[in-house]
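Structure, as structure tokens:
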Amino acid sequence: MCGIVGAVSAKDSTPFLLKGLATLEYRGYDSAGLALLTSDGVSGLQRARSKGRVAELATLVKQQTFSGNIGIAHTRWATHGVPAERNAHPHISGKLALVHNGIIENYESLREQLQGLGYVFTSDTDTETIVHLIQACFKGLIGEPAENLFSAVQCAVVHLKGAFALAVISEEEPDCLVVAREGSPLMLGVAEDGYYAASDASALLSVTKRMMYLENGDVARLSRDAVLVVDGIGQMVERAIVTSSLNANAVELGDYSHYMQKEIFEQPQALSNTLEMISGAGQLQPGIFGAEAAEIFQQVDSVLILACGTSSYAGMTAKYWIEQVAGIPCNVEIASEYRYRQSVPNPDQLVVVISQSGETADTLAALHHAKVQGHNCTLAICNVPESAIMRETALRFITRAGPEIGVASTKAFTTQLSALFLLTLLLAKVKQRLSAEDEKVYLDELRHLPIAVDKVLALEPSIEKWAQHFSNKQHALFLGRGRHYPIALEGALKLKEITYIHAEAYPAGELKHGPLALVDSEMPVVVVAPNDEMLEKLKANMQEVSARGGQLYVFADGGSAMKPTEGVNVQLMPEHYGLLSPVLHVVALQLLSYHVALVKGTDVDKPRNLAKSVTVE
Ligand code: AGP
């Protein structure tokens, strides 16, 4: 989704801004722009915007020989107004230029008010409202005239409803950059040669690892050698400087063709890192979820999982584990629904929010909603230690997948599953449903998981052969049963995200209640079919497909006794993996989608219309 970078530096900020935008490309965007000022104020406001890639913007900036110590830049993911140069940020009002992430909910009424004051709008965006609003505050057309840019921004943000992170510069104050945040992420970089700002820590790594995370309501003034922060009630505050644990190399592509490919193949390492704390452990300690975990796990009588997209499918898989192994009820809700639904709160329920980014607006809002409803037993499972979600729950678990850049989530999902399996075991243990013997068996299986995933990755050449069969299809069905139904859902999501083939997933028993009508010889049907307690039922469902001419692509394993026949393609998984078999099967489905996308030539890492971190509703 949209990305912001900003700088007040002793040197030319242009290279940092362009590099920062390139780092943020993975979030998804459709236009980009920047604005620069020199600290001597001589060259005035310079702005370049382009519809398309950051590389095109870089060419434009080079042609126009732009430079400046102070600058702001932006990648835009269209919400209000089509992707077009006129809608790209920065937006200008008089001598002010501004970039913004988020959505201003009351922009229509503000726009009317500002038009009434004589402001002329040149874009369809909600963002342009903010820059005119700051100008109006500056001039005293709204409220008392502001003394400077900093107070004008403080005055303006009070009138904004919605979520925002913004950065603004003024030709009249060519020594500073003012930023503000409410709801959308924004952090500052503290470097030798100046202060920097970004909506994502990875964009700051080229200049510093020392970061200051702004809180909701904060407005900050950055100059070459100082930063001043005030909070939502206008009081001066100090925000701690932390050293980011992110590694700049971790976001490099290296020898891989795509981030998605890199991230699929990083899964054994990502799982080892995530499970490091159990590498030599004879038994599990609740403390891996936080200091209060033992007490909270003891108290809770059920689990409610809130998440979006792939993360919600991790939650759905965990529901099968938690109910079977820990013996307590578990519900999974799509965060965007839960946040607006009148539910029946239970203070003894453990609310688990799962998010790769930790910044997904709906998941954060669902967590806030749960807390307002009286849920205090909260746990975040997240891949970004410094993210908003991690600061808002009683318990937390960091999946150590490393930065995930590809829009299609892969290693985040499998590490989430490993974390959720640990949670299952701990809940079972606390509820006295786990014998010491079983605990040891499950721990051994978890420890062996990276090796088992490695063996699935070795199947790539034979999975790749199937890709041709999908590339000219318009539709595909994915089937699974039990804990593999969410894996079918995730497989279908991967395929539609990166290949644009319409894919649906069903619990196979539902076929004859409707979707079977879709099946003919043109319909590829992918089946997740390990040798588990549902296999015989699943085989009967596969017969239903075969009888209608459907083409089956079955991911089975040793004990399933399945052989390829006319219309039935079988890929045997290297080993059967019991309760953890969803982790292995999803890796095979990731590889399938990846190779179909390669055949189709789609943009694997940045599929159309999608963003990596969905920071707006
Ligand atoms: C996954 O491939 C998707 N891009 C998407 O569904 C994603 O999982 C969802 O937006 C949730 O993101 P989060 O895990 O960062 O909260």
Side-chain angles (χ1 to χ4, degrees), residues 1 26-29 77 184-185 199-202 258-261 263-264 267 270 305-318 332-339 352-368 379-390 392-393 396-399 401-417 419-420 478 486-501 503 505 586-587 589-594 597 602-617:
M1 217 140 253
Y26 80 96
R27 297 172 71 95
Y29 71 106
W77 188 82
S184 300
S199 52
D200 184 321
S202 60
H258 299 98
Y259 280 105
M260 184 183 182
Q261 180 194 28
E263 288 154 10
I264 289 173
Q267 288 178 108
I305 297 179
L306 305 171
C308 302
T310 290
S311 297
S312 75
Y313 299 148
M316 283 175 73
T317 313
V332 186
E333 287 212 40
I334 299 293
S336 54
E337 286 296 311
Y338 172 79
R339 63 183 287 193
V352 182
V353 280
I354 309 172
S355 175
Q356 188 286 129
S357 60
E359 304 288 354
T360 302
D362 282 321
T363 309
L364 266 167
L367 174 62
H368 296 159
L379 161 67
I381 294 178
C382 180
N383 196 38
V384 181
E386 294 103 351
S387 62
I389 248 174
M390 289 303 246
E392 300 198 18
T393 48
R396 56 198 63 84
F397 184 96
I398 301 169
T399 51
E404 192 179 68
I405 307 293
V407 163
S409 190
T410 52
K411 60 180 181 171
F413 181 67
T414 44
T415 52
Q416 284 166 355
L417 288 177
L420 287 160
F478 284 68
I487 298 309
L489 283 165
E490 173 60 4
L493 179 63
K494 288 288 89 90
L495 193 73
K496 62 188 134 188
E497 260 186 311
I498 63 167
T499 73
Y500 316 147
I501 295 172
V586 80
V587 174
L589 297 183
Q590 294 165 354
L591 285 169
L592 178 64
S593 291
Y594 175 68
T602 48
D603 190 343
V604 174
D605 287 332
K606 295 189 277 294
R608 68 185 181 203
N609 307 339
L610 297 181
K612 181 64 183 165
S613 294
V614 186
T615 50
V616 296
E617 195 176 347

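Atoms within a ligand are numbered from 1 in the order they appear, just like the ligands themselves. Heavy atoms only: backbone and side chains are in, while hydrogens, waters and symmetry mates are out.
For atom 10 (O) of ligand 1, the nearest non-hydrogen atom of the protein is V614 CG2, 3.9 Å. Closest to atom 12 (O) of ligand 1, if we only count protein heavy atoms, is T360 OG1, 3.5 Å. Remark: minimum distance from atom 15 (O) of ligand 1 to any protein heavy atom is reached at S357 OG, 2.7 Å. At the top of the distance list for atom 11 (C) of ligand 1, counting protein heavy atoms only, stands C308 O, 3.4 Å.
Closest approach of V352 and I381 over heavy atoms only: CG1-CD1, 4.0 Å. Residues T317 and P486 approach most closely at OG1-CB, 3.4 Å, considering heavy atoms. Between Q356 and A412, the closest heavy-atom pair is CG-CB, 3.3 Å.
Every atom of ligand 1 with a heavy atom of Q356 under 4.0 Å away is listed here by number and element: 13 (P), 14 (O), 15 (O), 16 (O). Near A408, with a cut-off below 4.0 Å to any heavy atom, the atoms of ligand 1 are 2 (O). Atoms of ligand 1 lying under 4.0 Å from any heavy atom of S355, numbered from 1 in the order shown and given with element: 13 (P), 14 (O), 15 (O), 16 (O). Residue G309 approaches ligand 1 through these ligand atoms, each under 4.0 Å from one of its heavy atoms: 6 (O). Proximity to S409 (heavy-atom distance under 4.0 Å) selects the following atoms of ligand 1: 1 (C), 2 (O).
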Apply the test side-chain contact (heavy atoms from CB on, under 4.5 Å) to residues K612 and S357: give CA-CA distance (whole Å), side-chain angles for both, the deciding distance (0.1 Å), then the verdict. CA-CA 8 Å; K612 181 64 183 165; S357 60; over 6 Å; no
Run V384 and E359 through side-chain contact (heavy atoms from CB on, under 4.5 Å) and show every step you take. CA-CA 9 Å; V384 181; E359 304 288 354; 5.7 Å; no
Decide yes or no on side-chain contact (heavy atoms from CB on, under 4.5 Å) for E392 and L364, but give the supporting numbers first. CA-CA 9 Å; E392 300 198 18; L364 266 167; 4.0 Å; yes
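Where the criterion is an N or O separation shorter than 3.5 Å, residue side chain and backbone included, V407 meets it with respect to ligand 1. Distances between N or O atoms of K494 and those of ligand 1 include at least one value under 3.5 Å.
Nearest residue to atom 4 (N) of ligand 1 from E359, Q590, Q416, E497 is E497 (criterion: closest heavy atom). The heavy atom nearest to atom 14 (O) of ligand 1, considering only G358, S311, A335, S387, is found in S311.
Counted by atom type alone, T399 and K411 present zero donor-acceptor pairs between their side chains at under 3.5 Å.
Residue T310 touches ligand 1 through backbone and side chain together, judged by heavy-atom distances below 4.0 Å.
For T393 (side chain) and L379 (main-chain N/O), no donor-acceptor pair under 3.5 Å exists by modelled atom type. At least one donor-acceptor pair under 3.5 Å links the side chain of E404 to the backbone N or O of T410.
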